[in-house]
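Note sheet for the following structure.
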Protein chains: 2
Amino acid sequence: MRSASDLTARARIRDAALIRFGTDGIAGTSVRAVAADAGVSPALVVHHFGSKEGLRQACDDHVLEGIRSGGEAGTDALGEVLQAATPVRRYLARALLDGTAAASTLFDEIVDRTQQWLATGEEEGWVRPASDARARAVTYVSWLLAPLVLGDHVGRLLGGDPAETATAVRGARAGLEMLTSGLFADDRWLTAFNEVGER
Amino acid sequence: MRSASDLTARARIRDAALIRFGTDGIAGTSVRAVAADAGVSPALVVHHFGSKEGLRQACDDHVLEGIRSGGEAGTDALGEVLQAATPVRRYLARALLDGTAAASTLFDEIVDRTQQWLATGEEEGWVRPASDARARAVTYVSWLLAPLVLGDHVGRLLGGDPAETATAVRGARAGLEMLTSGLFADDRWLTAFNEVGER
DNA sequence: ACCCGCGCTGAACAAGTGTTCAATACTCTG
DNA sequence: CAGAGTATTGAACACTTGTTCAGCGCGGGT
């Protein structure tokens, strides 16, 4: 068998599904549509993946495998996610919102890795201490994931081509600036928040 | 006519649709489902809204109107969004991802208001200067919108009840800390980024 | 009293959905 | 070359989808 070579119809179907799922959502995508995109009959996709749900699982596995393949523990796990190809990004955003089990797992993993990464940075002195390390890791991850999920809007406002590297760089730099220098010059908002939060 | 009173079947349908659209996505929601939730016949929803698309538009309008009703220009426009009821939040997240025209408009408005707000803050000295004010506003908005879109995952990792105020507060405080004190203690990442970005 | 208009419904329609199945084309093993 | 096994298909099935339409009950205006 040649299942390893990966230019088979099975792979074509999976890739087509990934794009359509990411663009139109899972519920909004018909098996016939991905079959047409892959240039095969609808019957073949269910022959290979058992069902539409099986196809979605295969997409999940493919994306997760691709992300997990690079990146050892301790590194910034988000770089790989953000550098993933655009169809994958779109699919991931959908999966995250739809609450796919695989997406949840991925999110948890990224948070764990990031928290670890921030902890070592804290020890080595290049990350500031946090009052709530867990909450900070979660928030940080959701921040870096935000342009991924809201990519269309960010791209639209920052430049012509959405999901273009140049515009993504603009946003990334702005974010890094906020994360290094801070956004607010004094802690008026922080203290105000803490005062309100006491209940 | 009593269309103003707003406990009519029309309003019930709209509210049911808002919840289902937010939970299952627009494509994943059938007219029959929202009709059943509202306790009416499927024919009535199309009688009131013309079509499923019309129903979605009505949801858009309702959400936007609710958000826009409070909040003058110059204030932090995001507070209202984040304090919106959970069904509305879920719906907004979906609409943002689906690229609804209304959602795009809302996003643009929020960015504009925020940029203005940050500019006055910069003049008054409580916001640090930015190298790219537009990019900063866009990134800032997408950051504050992130917990909204990824609410389920954030909630799951930060506490028992997702979308519970207590857990949301935890995340918000962590975010505020990063925005005031910064996350990174030196600019190693920023300079590294700038070096790479020169091409 | 009439009946017009409005909210509302049940039944139906055509189109599209995921999935099944028998049958064909293909490819490698013996 | 024969044959087993896989890839692939067209047609069909049962079902759900959004939408249409004739008709019901009922309140208020003339």
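All chains are named by letter (A, B, ...) in the order of the sequence lines, taking the proteins before the strands, and each is independently numbered beginning at 1.
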*Side chain of B:R14, backbone of B:L55: donor and acceptor closer than 3.5 Å?*
no
*Would you check if B:I110 and B:L144 make a side-chain contact, meaning some heavy-atom pair closer than 4.5 Å?*
no
*Flag the pair B:D24 and B:R20 as a salt bridge only when some basic side-chain nitrogen lies within less than 4.0 angstrom of an acidic carboxylate oxygen.*
yes
*the helix from C:dA1-D:dT30 to C:dG30-D:dC1: angle between its terminal axes, five pairs each, to 10°?*
10°
*Quick one: which of C:dC8, D:dT19, D:dC21 gets closest to the side chain of B:K52?*
D:dT19
*From the list D:dT8, C:dC8, C:dT19, which nucleotide is the closest neighbour of the side chain of A:A9?*
D:dT8
*Name the nucleic acid region contacted by A:H47, choosing base, sugar-phosphate or nothing; use a 4.0 angstrom heavy-atom cut-off, strictly under.*
base
*Between D:dG18 atom P and B:F49 atom CZ, what is the distance in whole Å?*
15 Å
_Using a strict threshold of under 4.0 Å (side-chain N to carboxylate O), is an ion pair present between B:D132 and A:R173?_
no
*Contact residues, residues 19-35 of chain B to DNA chain D [heavy atom, < 4.0 Å]*: B:T29, B:S30, B:V31, B:R32
*Atom CD of A:Q57 and atom C1' of C:dG18: how far apart are they, to the nearest Å?*
17 Å
*asked:* Please pick, from C:dC21, C:dC8, C:dT19, the nucleotide with the shortest atom-to-atom distance to any side-chain atom of B:L44.
replied: C:dC8
*May I ask you to decide if B:T23's main-chain N or O and B:R90's side chain share a donor-acceptor pair within less than 3.5 Å?*
no
*Is the shortest side-chain N to carboxylate O distance from B:R32 to B:D37 below 4.0 Å?*
no
*Compare the minimum distances between each of C:dC8, D:dT9, D:dT19 and the side chain of B:H48, then state the nucleotide with the smallest one.*
C:dC8
*Does B:D98 reach the side chain of B:I26, with side-chain heavy atoms less than 4.5 Å apart?*
yes
*Side chain of A:T100, backbone of A:L96: donor and acceptor closer than 3.5 Å?*
no
